Amino acid sequence: MRVLPKDLLREDQVVTSTAVLEQHARGESYAGTALPDAVVFPERAEEVAAVVAFARRHGIPVTPVGANSSLEGHTVPLQGGMSIDLTRMRRILELRPEDFLAVVEPGVGYRRLNERARRSGLFFPIDPGAHATLGGMVSTNASGTMAVRYGVAGDYVLALQVVTADGELVRVGNRARKSAAGYDLCALFTGAEGTLGVITEITLRLVGLPEAASAARLPFADAAAATAFVTRLVQAGVPVARCELVGPRSIQAVNAYAGTDYPEQMTVFLEFHGNPAGVAADAELARELARGSGALGFEAATAASQRERLWEARHKAFYAYVAANPGKQSLVTDVAVPISRLPEAVTAALADCERAALTAYLIGHVGDGNFHLAMFYGEAEGERERVDEVAHRIVKRALAAGGTCTGEHGVGARKLRYMAEEHGAALSLMRLLKRTLDPGGIMNPGKKIPD
Ligand SMILES: Cc1cc2nc3c(=O)[nH]c(=O)nc-3n(C[C@H](O)[C@H](O)[C@H](O)COP(=O)(O)OP(=O)(O)OC[C@H]3O[C@@H](n4cnc5c(N)ncnc54)[C@H](O)[C@@H]3O)c2cc1C
């Protein structure tokens, strides 16, 4: 890159030091790397607009970056250029409890928003576990452990301020709870993975904190029994707030990493939100269903400290796997299938891993048909190929079942190969949109949809 936007920003906002370039050359759980030529750290929307306009004029690729916790190579600047790091844009601009909304800059972490919102009895219920920013979460349409009850990030986006690929600042959406005006451009920029514009402000809907909550731990003999229970639970309409399947090897890794002592069995963790009577009734219904589904137990936890400990351990799972596999690379699958197809999808995936003799960890937000297998590979001959092959088979089966190659992590660079099969002719529409909104092809090139 021959030119840098040095006249547009302060010196400390345009960084070319090796350490910072290297930090922005890679993502989580993705082996490919590419160095940006520079990393810029805008602090205001107008600075982002000026940087993108500059990039457009000079044909420089730009890659927006939040906390860089995405898992599919989303933030790897495949064609170099500028990484636009948004973590200095971290102001909570407004919190309006009376309207159940917050206005934030994209670099605000969801946990920090929740610390503030909690004081007003509100929260933003999307919980991906990682230290993600709200800009990154909206841009990947993130979800996580509570999607079964509360939905996905996009369900909470009321309005966005976006810098388009021309460097223009536009507002899409409004503050009303619903709107039928025009095309839904909030939905278009949500989940776009930085390929259509840079989000510089987000207006988010918040929800009331539940009055009461309770959790339960249910061990099963195997994945088939556990997922069959989950399918029945969801089909019975029990309003579960969290429904996580955790395999025995995952629990073993978490116990070793976090010092917990959860029994190392195929386990379903549940959480219920509501008022005290409702929560007790939901738990009782789940207990009854569990009894008829071969659960080996039902251990309830109502104390907040017990529940927090449980979810804290769950959130550490990925890092527990990494610690158990030093020096190895990982690949995390993320398929989602219709709930009735969950038992066969999980059982077949585990059988694939076993046949390929892979170290794989099962974990999943199974209440919405989404599960992950974190697979590790090292230098051993053929190990990486076996991981790729198993991941591929898992995706092919999910697509054949009417599901998706990615329930929540997104496409990034790794899942491009499935876009044609998953979308068919609709992929041409996506390409048309991309070409229209980003004619110079500068916005996070090489991601989301194949050229
Ligand atoms: C341990 C672990 C657990 C995880 N669990 C979950 C989970 O349960 N559910 C889930 O959904 N995800 C999960 N993830 C993935 C990840 O946390 C999410 O994808 C998250 O939304 C990414 O946010 P981020 O701030 O890290 O974004 P980044 O990784 O920095 O960026 C993600 C994408 O968004 C784009 N982007 C970032 N900011 C902007 C912006 N302001 N404007 C336009 N584009 C932008 C980037 O270009 C990139 O394409 C997990 C990751 C890890 C490491």
Side-chain angles (χ1 to χ4, degrees), residues 23-24 26-30 36 42 45 48 52 61-78 82-90 104-111 126-148 151-154 157 160-165 188-202 242 244 254 311 314-323 330 332 334 336 361 363-365 368 370-372 374 406-415 438 443-448:
Q23 247 173 30
H24 291 78
R26 47 165 296 129
E28 286 280 3
S29 186
Y30 185 78
V48 178
V52 175
V62 295
T63 307
V65 187
N68 203 7
S69 69
S70 47
L71 296 160
E72 304 288 356
H74 293 68
T75 55
V76 178
L78 296 176
M82 284 186 280
S83 291
I84 304 183
D85 187 316
L86 295 141
T87 52
R88 288 194 196 169
M89 292 181 65
R90 51 173 181 245
V104 298
E105 289 185 329
V108 173
Y110 71 101
R111 289 181 182 170
I126 310 301
D127 171 19
H131 290 279
T133 63
L134 289 161
M137 287 173 66
V138 170
S139 299
T140 52
N141 200 13
S143 46
T145 58
M146 288 198 274
V148 61
V152 300
V157 177
L160 297 171
Q161 183 190 55
V162 180
V163 172
T164 66
L188 182 63
F189 288 105
T190 298
E193 299 180 10
T195 61
L196 299 179
V198 185
I199 296 169
T200 47
E201 189 185 290
I202 309 164
R242 280 168 154 154
E244 296 282 301
V254 169
W311 294 113
R314 161 66 184 87
H315 285 334
K316 286 179 178 154
F318 179 70
Y319 299 103
Y321 310 156
V322 172
S330 61
V332 186
D334 176 40
Y361 300 85
I363 203 153
H365 318 304
D368 38 37
N370 183 204
F371 68 95
H372 310 299
T406 173
E408 57 181 17
H409 294 165
V411 177
R414 184 152 45 201
K415 299 253 170 66
D438 179 21
M443 299 301 312
N444 204 359
K447 316 287 169 57
K448 194 69 178 174

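As the structure lists them, so they are numbered: ligands from 1, and atoms in each ligand from 1. Just so it is clear, the structure is predicted and the values come from calculations on it, not from any experiment.
For K448 (side chain) and G410 (main-chain N/O), no donor-acceptor pair under 3.5 Å exists by modelled atom type. Side-chain atoms of D438 come within 3.5 Å of backbone atoms of M443 as a donor-acceptor pair (strictly under, hydrogens ignored). Judged by distance alone, with hydrogens and angles left aside, the side-chain atoms of S29 form a donor-acceptor pair with the main-chain N or O of S330 at under 3.5 Å. No donor-acceptor pair under 3.5 Å is formed between the side chain of E28 and the backbone N or O of S69.
The minimum heavy-atom distance between K447 and T195, with the atom names listed, is O-CG2, 3.8 Å. The minimum heavy-atom distance between G27 and N68, with the atom names listed, is CA-OD1, 3.8 Å. The minimum heavy-atom distance linking L160 with F189 is given by the pair CD1-CB, 3.8 Å. Heavy atoms only, all atoms of each residue included: L86 and P42 are closest at CD2-CG, 4.3 Å. The two atoms that bring A67 and T133 nearest to each other are N-CG2, 3.5 Å, heavy atoms only.
A donor and an acceptor atom, one from each side chain of T406 and D334, are located under 3.5 Å apart. In this structure, a donor-acceptor pair under 3.5 Å is present between the side chains of T87 and D85. Counted by atom type alone, T63 and T75 present zero donor-acceptor pairs between their side chains at under 3.5 Å. At a cut-off of 3.5 Å, with distance as the only test, no side-chain donor of E244 or T145 sits close to an acceptor on the other residue.
Counting heavy atoms closer than 4.0 Å to ligand 1, residue T195 contributes nothing at all. Here I199 has heavy atoms under 4.0 Å from ligand 1 in both its backbone and its side chain.
Atoms of ligand 1 lying under 4.0 Å from at least one heavy atom of V65, given by number and element, are 30 (O). Within ligand 1, counting atoms from 1 as listed, the ones closer than 4.0 Å to a heavy atom of H365 are 8 (O). Under a 4.0 Å criterion applied to the non-hydrogen atoms of A142, ligand 1 contributes the atoms 11 (O), 21 (O). Interface atoms of ligand 1 facing E193, defined by a heavy-atom separation under 4.0 Å, are 35 (C), 47 (O), 49 (O). Listed by number with element, the atoms of ligand 1 under 4.0 angstrom from any heavy atom of M137 are 21 (O), 23 (O). Taking every non-hydrogen atom of P106 and a distance limit under 4.0 Å, the qualifying atoms of ligand 1 come out as 41 (N). If you number the atoms of ligand 1 from 1 as listed, the ones under 4.0 Å from a heavy atom of T133 come out as 24 (P), 25 (O). Residue G194 has at least one heavy-atom neighbour below 4.0 Å for each of these atoms of ligand 1: 43 (C), 44 (N).
Judged by the shortest distance from any of its heavy atoms, K447 lies outside the 4.0 Å radius around the atoms of ligand 1. Ligand 1 lies within reach of Y319, whose nearest heavy atom is under 4.0 Å from it. Contact analysis leaves H315 out of contact with ligand 1, as no non-hydrogen atom separation drops below 4.0 angstrom.
For atom 12 (N) of ligand 1, the closest heavy atom belonging to the protein is H409 CD2, 3.6 Å. Of the protein's non-hydrogen atoms, the one nearest atom 40 (C) of ligand 1 is L86 CD1, 3.6 Å. The nearest heavy-atom contact from the protein to atom 52 (C) of ligand 1 is A130 CB, 3.6 Å. The closest protein non-hydrogen atom to atom 28 (P) of ligand 1 is N68 N, 3.6 Å. Scanning all protein heavy atoms for the shortest distance to atom 48 (C) of ligand 1 gives H74 CB, 3.5 Å. The protein atom (non-hydrogen) at minimum distance from atom 50 (C) of ligand 1 is L71 CD1, 3.8 Å. Of the protein's non-hydrogen atoms, A132 CB, 3.4 Å is the one closest to atom 23 (O) of ligand 1. Atom 47 (O) of ligand 1 has as its closest protein heavy atom P64 O, 2.6 Å.
Between E408 and ligand 1, a contact under 3.5 Å exists for at least one N or O pair. Between S139 and ligand 1, at least one pair of N/O atoms sits closer than 3.5 Å. Below 3.5 Å of separation, one finds an N or O of S70 facing an N or O of ligand 1. Residue-to-ligand polar distances keep T145 apart from ligand 1: every N/O pair is separated by 3.5 Å or more. Not one N or O of V198 is nearer than 3.5 Å to an N or O of ligand 1, by distance alone. For ligand 1, the polar-atom distance check against F318 finds no nitrogen or oxygen pair separated by under 3.5 Å. Between G129 and ligand 1, not a single N/O pair is under 3.5 Å apart. Checking only distances, G66 does come within under 3.5 Å of ligand 1, N or O to N or O.
Under a cut-off of 6.0 angstrom, the local environment of CZ in R90 is sparse, with at most 12 non-hydrogen atoms contributed by other residues, nucleotides or ligands.
Ion pairing between K415 and E72 holds under the 4.0 Å rule for side-chain N and carboxylate O.
Looking at T75, T406, V152 and measuring to atom 31 (O) of ligand 1, the nearest heavy atom belongs to T75. When the heavy-atom distances from atom 21 (O) of ligand 1 to V138, V108, T140 are ranked, the shortest goes to T140. Among S69, G412, A147, the residue whose heavy atom sits closest to atom 15 (C) of ligand 1 is S69. Distances from atom 11 (O) of ligand 1 to the heavy atoms of S143, G407, P128 put S143 nearest.
Distance check: E105 CD to R88 CZ gives 13.0 Å after rounding to the nearest 0.5 Å.
Every residue two or more places apart in sequence or in another chain was checked for a salt bridge (Lys or Arg N to Asp or Glu O under 4.0 Å) with R111, and none qualifies. The side-chain hydrogen bond (donor to acceptor under 3.5 Å, both in side chains) test applied to T200 returns Q161, not counting sequence neighbours.
Between H372 and H365, the ring planes lie perpendicular to each other; the angle is over 60°, past the 30° to 60° tilted range.
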